[in-house]
Amino acid sequence: MVKEPYKIEDFGAIFDAHVHTYFDFHDGMISPRDLVRYSRKWRFNWINAMAHDTIRGVPRIKKIAKEYNMPVIPSMEVSTGFNHLLAYGVQEWHLAKDSWSPEEIIDRLRTQDCAIFASHPAINPFRGYWSPEILQRLDIDGIEWLNGSNTVLNKITRKKFANYPKGKIGGSDAHHVSQMGFAYTQVEMNSEDPDDLVRTLQKGRCHPRGWYVPLHRIGWWQAYIGLKRAFFPSFPIENRWISPRFEKMGQIPPKPFSANKWKQKILSQKNLSIN
């Protein structure tokens with residue numbers, strides 16, 4: 001028997017802040033119903049409707065969450081041309097992944113009043129690592145302090161960002177339901193309003209909780225997804241075949257983005273004031 005979610009009025013908002021549903025333009029495999037079901041299994045009281053570089057799954061996830069009277073935060077992991085960002089409160093998105101500068105991505109998200117956090121700072125999924133020197137120059141609200149799928153690299157994050165003054169969140173980075181829930185975020189609020197959740201995250205009133213996903217659950221997933229990419233690189237979604245790792249869905253910038261030039265430029269700028 002599944003226990004009821006933790007009461008928001010007693011524990012605040014609790015949710016896995018980094019998950020990948022199968023709407024993902026990457027390699028997520030969590031279905032909307034499983035997202036809700038496993039969030040309830042972990043007794044989370046918010047549903048994080050997240051995918052890579054798209055919010056196409058939010059309506060479906062909201063419909064299922066409504067069956068259980070659970071609030072939903074529409075969110076997204078965004079692939080900038082340098083590294084990834086986690087955004088909460090996303091209302092629309094039309095930009096291609098891996099193509100735009102972090103500042104351009106952040107500007108688009110700020111027009112929607114999103115809360116923005118740097119994903120897995122010690123991981124280089126594309127063209128560069130987030131460093132304290134870079135993040136001090138970006139208009140973000142914090143970092144992913146605990147990424148449940150990366151044990152060793154979290155130690156690097158804690159060492160490099162030991163004195164980082166902004167908000168810290170935690171998430172499993174689950175691509176399959178077996179990885180969900182081990183790491184999560186607790187937010188100091190007692191509301192079911194998504195706008196309240198976003199504002200509280202922006203204020204840094206959030207805490208990473210939990211621990212790491214068991215290594216065997218990471219290992220078998222990596223083996224599975226490696227075989228899938230090798231033999232089945234494309235699959236049907238919304239009545240068309242796509243290759244999530246290679247296809248740039250959405251608007252392309254007018255000029256190609258250069259990660260090396262961007263890094264040199266950002267590090268030459270003055271630090272943003274940090275409250």
Side-chain angles (χ1 to χ4, degrees), residues 5 8 12-26 28-40 42 44-80 84-97 100 105-119 139-142 144 167 169-175 177 180-181 184-187 189 191-203 205-206 237-238 244 249-251:
I8 294 177
I14 302 176
F15 61 99
D16 189 332
H18 192 165
V19 295
H20 293 272
T21 57
Y22 66 37
F23 299 97
D24 215 277
F25 287 150
H26 198 62
M29 296 293 288
I30 300 172
S31 72
R33 189 161 294 278
D34 278 345
L35 175 69
V36 175
R37 185 162 64 95
Y38 276 77
S39 292
R40 286 178 54 80
W42 284 94
F44 297 153
N45 52 34
W46 273 79
I47 304 298
N48 180 22
M50 178 174 279
H52 238 303
D53 303 295
T54 181
I55 57 169
R56 65 173 62 225
V58 172
R60 173 65 176 158
I61 293 167
K62 282 184 174 180
K63 182 178 180 180
I64 296 172
K66 189 176 181 180
E67 298 174 11
Y68 301 92
N69 296 314
M70 295 192 70
V72 175
I73 183 67
S75 57
M76 180 173 62
E77 184 171 23
V78 192
S79 304
T80 78
H84 297 166
L85 296 168
L86 297 169
Y88 304 91
V90 186
Q91 302 303 314
E92 61 177 8
W93 199 250
H94 306 292
L95 301 187
K97 65 179 184 140
W100 297 79
I105 295 291
I106 291 168
D107 287 346
R108 295 289 185 103
L109 294 171
R110 286 303 192 200
T111 62
Q112 302 176 49
D113 200 26
C114 296
I116 307 169
F117 291 75
S119 305
D139 178 25
I140 63 171
D141 301 303
E144 185 180 28
I169 59 174
S172 64
D173 200 356
H175 291 68
V177 292
M180 272 188 66
Y184 57 96
T185 296
Q186 185 176 18
V187 184
M189 58 174 287
S191 168
E192 294 187 353
D193 186 334
D195 290 338
D196 290 341
L197 179 58
V198 169
R199 284 191 291 265
T200 309
L201 286 168
Q202 290 171 340
K203 293 176 182 177
R205 292 165 51 191
C206 45
I237 184 170
E238 294 189 347
M249 307 289 286
Q251 182 182 351

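The basis for the numbers below is simple: all heavy atoms, side chains too, and nothing from hydrogens, waters or symmetry mates.
Between Leu85 and Ala118, the closest heavy-atom pair is CD2-CA, 4.0 Å. Shown here for Ala174 and Ile30, the closest heavy-atom pair between the two residues is O-CD1, 3.7 Å. Scanning both residues, Gly167 and Cys206, for their nearest heavy atoms gives CA-SG, 4.3 Å. In plain terms, the two heavy atoms of Leu35 and Ala49 that are nearest each other are CD2-CA, 4.3 Å. For the pair Pro5 and Met70, the tightest heavy-atom approach, listed with the atom from each and the gap, is CG-CE, 4.3 Å. Heavy atoms only, all atoms of each residue included: Ala13 and Ile8 are closest at N-CG2, 4.5 Å.
Residues meeting the side chain to side chain donor-acceptor pair (under 3.5 Å) test with Ser75, sequence neighbours left out: Asn48. Under the ring pair (Phe, Tyr, Trp, His ring centres under 6.0 Å) criterion, Tyr184 pairs with Phe44, not counting sequence neighbours.
Of the inter-residue distances, the one linking Met50 atom CE with Asp16 atom CG reads 9.0 Å to the nearest 0.5 angstrom. For the atom pair CD1 of Ile106 and OG1 of Thr111, the computed distance is 12.0 Å after rounding to the nearest 0.5 Å. Going from atom CD1 of Ile55 over to atom CD of Glu92 covers 7.5 Å, rounded to the nearest 0.5 Å. For the atom pair CG (Asp193) and OG1 (Thr200), the distance works out to 9.5 Å, reported to the nearest 0.5 Å.
Checking side-chain atoms of Gln91 against main-chain N and O of Gly89 turns up a donor-acceptor pair under 3.5 Å. With hydrogens and angles disregarded, a donor-acceptor distance shorter than 3.5 Å links the side chain of Trp100 to the backbone of Gln251. Of the possible donor and acceptor atoms, none in the side chain of Gln112 sits under 3.5 Å from a partner among the backbone N and O of Trp93. Of the possible polar contacts, one joining the Thr185 side chain to the Gly170 backbone as a donor-acceptor pair under 3.5 Å is found. Under the 3.5 Å distance criterion, the side-chain polar atoms of Asp24 are left unmatched by any main-chain donor or acceptor of Met29. Using a distance-only test at 3.5 Å, with no hydrogens or angles considered, a donor-acceptor pair links the side chain of Asn45 to the main chain of Ile14.
Looking at heavy atoms from C-beta onward, Val198 lies in side-chain contact with Ile73 at the 4.5 angstrom threshold. No side-chain heavy atom of Leu86 sits less than 4.5 Å from a side-chain heavy atom of Ile116. Inter-residue side-chain proximity for Leu197 and Tyr88 is flagged as unmet; no heavy-atom pair is nearer than 4.5 Å. With contacts defined as side-chain heavy-atom distances shorter than 4.5 Å, the pair Val58/Phe23 does not qualify. Residues Arg37 and Ile64 form no side-chain contact, since every pair of their non-hydrogen atoms from C-beta on lies 4.5 Å or further apart. Side-chain atoms of Trp46 and Pro194, non-hydrogen and from C-beta on, do get closer than 4.5 Å to each other.
Annotation: side chain to side chain donor-acceptor pair (under 3.5 Å) contacts involving residues 59-74, sequence neighbours excluded, comprise Arg33-Glu67.
Between Arg110 and Asp107 there is no salt bridge, since no side-chain N of the basic residue sits under 4.0 Å from a carboxylate O of the acidic one.
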For this session: Please test Phe117 against Asp141 for side chain to side chain contact (heavy atoms under 4.5 Å, CB included), starting from the C-alpha separation and ending with a verdict.
Result: CA-CA 6 Å; Phe117 291 75; Asp141 301 303; 4.2 Å; yes
Problem set entry | Stepwise side chain to side chain contact (heavy atoms under 4.5 Å, CB included) test for His18 and Ile169 | CA-CA 9 Å; His18 192 165; Ile169 59 174; over 6 Å; no
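Judged purely by distance below 3.5 Å, without hydrogens or angles, the side chains of His52 and Ser79 pair a donor atom with an acceptor atom.
Of the candidates Val72, Val187, Ile47, Val187 is the only one forming a side chain to side chain contact (heavy atoms under 4.5 Å, CB included) with Phe15.
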